[in-house]
Amino acid sequence: MPWPLSQDYNEAIQSPANFADPDLRRGEAVCNALGIPMPYSGNFADVYQVRCPDGSRWAVKCFTREAPGLRERYAAISAHLRQAKLPFTVDFTYLEQGMRVAGTWYPVLKMQWVEGLTLNQFVRQYVDKPATLEALLQTWARMAKYLRADQVAHCDLQHGNILLVPGANANALALKLIDYDGMWVPALAGKKSGEVGHPAYQHPQRINEGTYSIEVDRFPLLLVATALRALMVKGRTLWDRYDNGDNMLFREPDLREPTKSCLFFELIRSSDPRTAALADRLFNALRGGLESVPLLDEAMLDRRPASATVPARPVPAALSAATRKAAPVAAPLTAPSAVPDW
């Protein structure tokens, strides 16, 4: 069957009677100043915020194209997350009879609305506060352990799917993951997801082969940890040099051709041993394939000082003059044992 377009959902959601769910029937979609609903558009769905008189708020995900096995996928993910009770996930309900559009019922996903800063918004705001970034890094590492222990892979860990939300008290923040469309749980082993995640966070092998397994998260977990550690040391100067509003320092070309990456060049030769070690692990993971990506807790334990003195090498000719100034290579530098051939 043809699926509704965004404008079709925009029209239908303005009438709560088009919902079958009793909570949603009592609510109203959040609109802009012109009274037009404001969806958050994604790969194959639009998400609306619905506010109810009792103060509750819901995220309603409306699908704009067919995703094979949608009901079974969400049923498996929901059942596993309810059992795991992870502190950074949000309960959701798949509604087969979700919204009526032009007289036909279509499925929707109903989830508690989560308000917060995306990962890159939060880091941009606190990039000059290393203690805050360190706390975030430790929380990130704990989340990685929880995911692994409970056999869950989010499979699209990127800034837009990671929210920092108010915690139990005024000085606390909690980390929440959203968007579970491509999530892996054991019940889905052997199936395909049809998604490969954000290219600035995923291993190129996963992008090329469509890998879907519990191992997929290893790479983005390590990538974000490397970026956070580097920003703790370099702060806003590093952020301003590499942020493009849709990444966490690293960009897709850095991951596809790491030997030509000025960012890798700078981080592997960092005077901070932890930054250098993490960047070295990330670089070697790109050379060795998905199976060579270490678990994050193993990578973070590797805080060894530089193990080899590497002669200074010229910056690649393709780099701009500004970048050459940002990554000087004067005198021999101490670096991890596996250094890319620039």
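Just so you know, these numbers use all the heavy atoms, side chains as well, and skip hydrogens, waters and symmetry mates. Here, residue 1 is the first one in the sequence, and each next residue gets the next number.
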Is [X] reaching over with its side chain to a backbone N or O of [Y], donor-acceptor style, under 3.5 angstrom?
X      : Y      : value
Tyr201 : Glu252 : no
Tyr9   : Phe63  : yes
His154 : Ile178 : yes
Ser15  : Ala12  : no
Asp156 : Asp179 : no
Asn208 : Pro204 : yes
Asp8   : Leu5   : yes
Gln158 : Gly160 : yes
Gln83  : His80  : no
Trp140 : Leu221 : yes

Would you call [X] and [Y] a salt bridge, using N to O less than 4.0 angstrom?
X      : Y      : result
Lys260 : Asp254 : no
Lys61  : Asp46  : no
Glu115 : Lys176 : no

Could you state the interatomic distance from [atom1] ([X]) to [atom2] ([Y]), rounded to the nearest 0.5 Å?
X      : Y      : atom1 : atom2 : result
Asp246 : Asn120 : CG    : CG    : 8.0 Å
Arg229 : Glu134 : CZ    : CD    : 6.5 Å
Leu228 : Leu133 : CG    : CG    : 6.5 Å
Arg218 : Glu291 : CZ    : CD    : 10.0 Å
Arg25  : Cys52  : CZ    : SG    : 12.5 Å
Leu267 : Leu282 : CG    : CG    : 9.0 Å

My understanding is that only one of Ile214, Leu177, Leu147 makes a side-chain contact (heavy atoms from CB on, under 4.5 Å) with Val152; could you say which?
Leu147
Which word best sums up how the rings of Phe88 and Tyr146 line up, parallel for under 30°, tilted for 30 to 60°, or perpendicular for over 60°?
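Ring orientation of Phe88 relative to Tyr146: perpendicular.
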If hydrophobic clusters are built by linking Ile, Leu, Val, Met, Phe, Trp and Tyr wherever their side-chain heavy atoms come under 4.5 Å apart, do [X] and [Y] end up in the same one?
X      : Y      : value
Ile13  : Tyr40  : no
Ile36  : Val60  : no
Tyr126 : Leu136 : yes
Leu290 : Leu295 : no
Met111 : Trp113 : no

Can you see which heavy atom on [X] is nearest to which on [Y], and at what distance?
X      : Y      : answer
Ser292 : Asn284 : OG-O, 3.9 Å
Ala200 : Leu223 : O-CD1, 3.7 Å
Trp184 : Gln151 : CZ3-O, 3.7 Å
Phe19  : Met99  : CE2-CE, 3.4 Å
Arg236 : Gln125 : NH2-O, 4.4 Å

Do we see a donor-acceptor contact under 3.5 Å between the side chains of [X] and [Y]?
X      : Y      : answer
Asn161 : Tyr180 : no
Ser270 : Asp272 : no
Ser78  : Arg82  : yes
Asn247 : His159 : no

Could you check whether Arg281 makes a cation-pi contact with Phe283, meaning its NZ or CZ is under 6.0 Å from the centre of the six-membered ring and within 45° of the ring axis?
no
Passing option when Lys110 is tested against Thr93, Asp91, Asp23 for side-chain hydrogen bond (donor to acceptor under 3.5 Å, both in side chains):
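Passing option: Asp23.
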Are there over 12 heavy-atom neighbours, none belonging to Gln112, within less than 6.0 Å of that residue's CD?
no
Counting only heavy atoms from other residues, nucleotides and ligands, does the tally under 6.0 Å from CD of Gln121 exceed 12?
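Yes, enclosed.
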Just do the salt bridge (charged side-chain N to carboxylate O under 4.0 Å, His left out) check on Glu266 and Arg241 with the steps written out, would you?
CA-CA 11 Å; Glu266 183 171 353; Arg241 195 152 59 243; 2.5 Å; yes
Under 6.0 Å between ring centres: does that hold for Tyr242 and Phe250?
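No - the distance between ring centres of Tyr242 and Phe250 does not fall below the 6.0 Å cut-off.
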Side-chain contact test, heavy atoms from C-beta onward, threshold under 4.5 Å: evaluate it for Met183 versus Leu188 and give yes or no.
no
Going by heavy atoms in the side chains, are Thr226 and Thr275 under 4.5 Å from each other?
no
Steps toward side chain to side chain contact (heavy atoms under 4.5 Å, CB included) verdict (Val30, Val50)
CA-CA 6 Å; Val30 173; Val50 173; over 6 Å; no
Give the C-alpha distance, both sets of side-chain angles, the deciding distance and a yes or no for salt bridge (charged side-chain N to carboxylate O under 4.0 Å, His left out) between Glu215 and Arg148.
CA-CA 9 Å; Glu215 312 300 342; Arg148 188 75 182 182; 2.9 Å; yes
